[in-house]
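Below: one structure, written as structure tokens.
One-based numbering, in listed order, for ligands and for the atoms of each.
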Amino acid sequence: MTTESPLATALAQLRRAVDQLQLSENDWNTLSTPRRTLEVAVPLRRDDGRVEMYKGYRVQYSTTRGPSKGGVRFHQDIDLNETIALAMLMTWKCALTNLPYGGAKGGVAVNVHDLSLGENERLTRRYTSEILPIIGPERDIPAPDVGTDERNMAWMMDTYSVNAGFSVPGVVTGKPISLGGSLGRNTATGDGVAISTREALKVRGINPEGATVAIQGFGKVGYWTAIALENMGLKVVAVSDVNGAVTGFSSVKDLFEYSQIHGTVVGAPGTDTLTNQELLWLDVDVLIPAALADAITEASAPGIKAKIVVEGANAPTTPEGDAIMNSNGILVVPDILANSGGVIVSYFEWVQDKQNYFWSAQDVKENLNKILMTAIVDVEQMAKGKNVTWREAAHMLGVSRVADAHRLRGLYP
Ligand code: NAD
């Protein structure tokens, strides 16, 4: 394992929090070990009749504070270690925001862009069937992540329900509204990233009105973050996807429509093209990595000119990149705080499914704001009080709450 693997990074962050909180070696041993890891083979009959085998994973890192919760990623590069790292981050994130959940993550190592719609459905259903014994509304509740969306969640919910013999909407979140989804879930992660951005700007004494932003990644998180920031009066000056970056667009919505038709933002009328590296180094107030892990490294961090970095993606920064940004005085809003809007509204969806009572968009927005603002204030005060970074404060809060729950429950037998 290199020092830059997401699992090494996550373990290093945990070790630091355990040391800063002066927890015991017993605590370290329990906190650094995933509770259940499942690796499955997922056979897929391709449209041309060939049968291919894919690797699938589901990791339930913790169930101490409630059922585990976390996304399903369809991406060619995922493996067990990365899935463990992301499940660990979900654990601290749910504790930091005080949701009654442990943490989980799952996925299939597949390039979704190679699949037809029918192949995607068959793969999703077979993956669900393979992990079915360990998921459920009281056990572990998947949600969308990179490469999956509400269609995949509908197929997962249907596969689980067909096996149960009745409809079980609460088995996944991020579903379409007509299947028990929540208003505001599709925009929630972006809304949360935008709220975190606004608050970080205030802490740094920068007026959000007219502040400039560059966003790496233009998927579910990047796009809705851009929309929410524009609604708050910030100026999104550059965005990127896997093919490259663009500046000079006049409307984020029009750019998105172009990318839906052409598969990329690159080449949109009236824009100039940049490399992804050039986007990271733009002279903006805020940089938002909202794509994949390890975007900000020892190599890319020294060139960053933004005053604030808000982590929309999970684990976008290596420890070396983090240290460089800290020594350059950049305020980094860590992933487990900045992108927690998604799991907060997933929690609302699960609560609504359990109660069969659905909230208005206004109720969702207000409650999201309340929970996230509490976490932001907790992190800011802890960072100030203990003279630590926002990342360290967020981990200390999340980890200490899980450690407390372990202690109170005791060790069986
Ligand atoms: P997505 O699949 O919808 O979008 C990913 C985007 O990143 C795409 O625009 C893709 O082209 C781009 N991308 C991929 N590789 C890139 C590269 N090398 N350079 C630039 N852009 C690149 O995924 P998403 O749901 O938006 O998730 C993005 C990140 O946010 C992930 O780290 C995910 O774990 C995290 N996250 C997602 C949610 C959620 O609710 N979807 C919640 C919390 C965190």
Which atoms of ligand 1 have any heavy atom of Gly312 under 4.0 Å away?
30 (O), 35 (C), 44 (C)

Please could you name the atoms of ligand 1 that Ser240 approaches to less than 4.0 Å, counting only its heavy atoms?
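Result: 20 (C).
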
Is it the side chain (CB and beyond), the backbone, both or neither of Thr189 that lies under 4.0 Å from ligand 1, heavy atoms counted?
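Thr189 to ligand 1: side-chain contact only, backbone stays beyond 4.0 Å.
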
Side chain, backbone, both or neither: which part of Arg185 comes within less than 4.0 Å of ligand 1 when only heavy atoms are counted?
side chain

Is atom 32 (O) of ligand 1 close to the protein, meaning a heavy atom under 4.0 Å from it?
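When distances to the protein are checked, atom 32 (O) of ligand 1 has a heavy atom within 4.0 Å.
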
Could you tell me whether some N/O pair between [X] and ligand 1 is separated by less than 3.5 angstrom?
| X | result |
| --- | --- |
| Ala291 | yes |
| Lys105 | no |
| Asn276 | yes |
| Lys220 | yes |
| Arg73 | yes |
| Gly147 | yes |
| Phe218 | yes |
| Ala290 | no |

Apply the ring-ring contact (aromatic ring centres under 6.0 Å, His included) test between Tyr101 and each candidate in Tyr61, Trp350, Trp92; give the one that qualifies.
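Considering Tyr61, Trp350, Trp92, a ring-ring contact (aromatic ring centres under 6.0 Å, His included) with Tyr101 is found only for Trp350.
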
Is the side chain of Arg409 donor-acceptor paired with the backbone N or O of Thr64 at a distance under 3.5 Å, no angle test?
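Checking the backbone N and O of Thr64 against the side chain of Arg409, a donor-acceptor pair under 3.5 Å is found.
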
Run through Asp158, Thr159, Asn152 and flag the one making a side-chain hydrogen bond (donor to acceptor under 3.5 Å, both in side chains) with Thr124.
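Considering Asp158, Thr159, Asn152, a side-chain hydrogen bond (donor to acceptor under 3.5 Å, both in side chains) with Thr124 is found only for Asn152.
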
Could you tell me if Thr148 and Arg73 have a donor-acceptor pair between their side chains, going purely by distance under 3.5 Å?
no

Could you tell me if Asn339 and Thr189 have a donor-acceptor pair between their side chains, going purely by distance under 3.5 Å?
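No.
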
Which residue owns the protein heavy atom closest to atom 37 (C) of ligand 1, what's the atom, and how far is it?
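Its nearest protein heavy-atom neighbour is Val221 CG2, 3.4 Å.
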
Worked check of side chain to side chain contact (heavy atoms under 4.5 Å, CB included) between Glu119 and Arg46:
CA-CA 6 Å; Glu119 290 170 339; Arg46 301 295 299 251; 2.9 Å; yes

Run the salt-bridge test on Lys69 and Asp140 with the 4.0 Å N-O cut-off and return the result as yes or no.
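So Lys69 does not pair with Asp140 through a salt bridge.
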
Identity of the nearest option to atom 15 (N) of ligand 1, non-hydrogen atoms only, from Leu89, Val242, Asp149
Val242

Can you tell which of Ala188, Ala313, Gly342 gets a heavy atom nearest to atom 30 (O) of ligand 1?
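It is Ala313 that holds the nearest heavy atom.
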
When you measure from the heavy atoms of Gln277 to every atom of ligand 1, does any distance fall below 4.0 Å?
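No, that is not the case, since the closest heavy atom of the residue is not under 4.0 Å from the ligand.
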
Output every pair passing ring-ring contact (aromatic ring centres under 6.0 Å, His included) with a member in residues 216-248, not counting sequence neighbours, ordered by first then second residue.
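Of all non-adjacent pairs touching residues 216-248, those that pass ring-ring contact (aromatic ring centres under 6.0 Å, His included) are Phe218-Tyr223, Phe218-Phe256, Tyr223-Phe256.
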
Show every ring-ring contact (aromatic ring centres under 6.0 Å, His included) that has at least one partner inside residues 127-162, sequence neighbours left out.
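Sorted result for residues 127-162: empty, none.
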
Assess whether side chain to side chain contact (heavy atoms under 4.5 Å, CB included) is satisfied between Ile288 and Gln216, documenting all intermediate values.
CA-CA 6 Å; Ile288 302 183; Gln216 183 199 45; over 6 Å; no

Separation between OG1 of Thr247 and CG of Leu274, rounded to the nearest 0.5 Å
5.0 Å

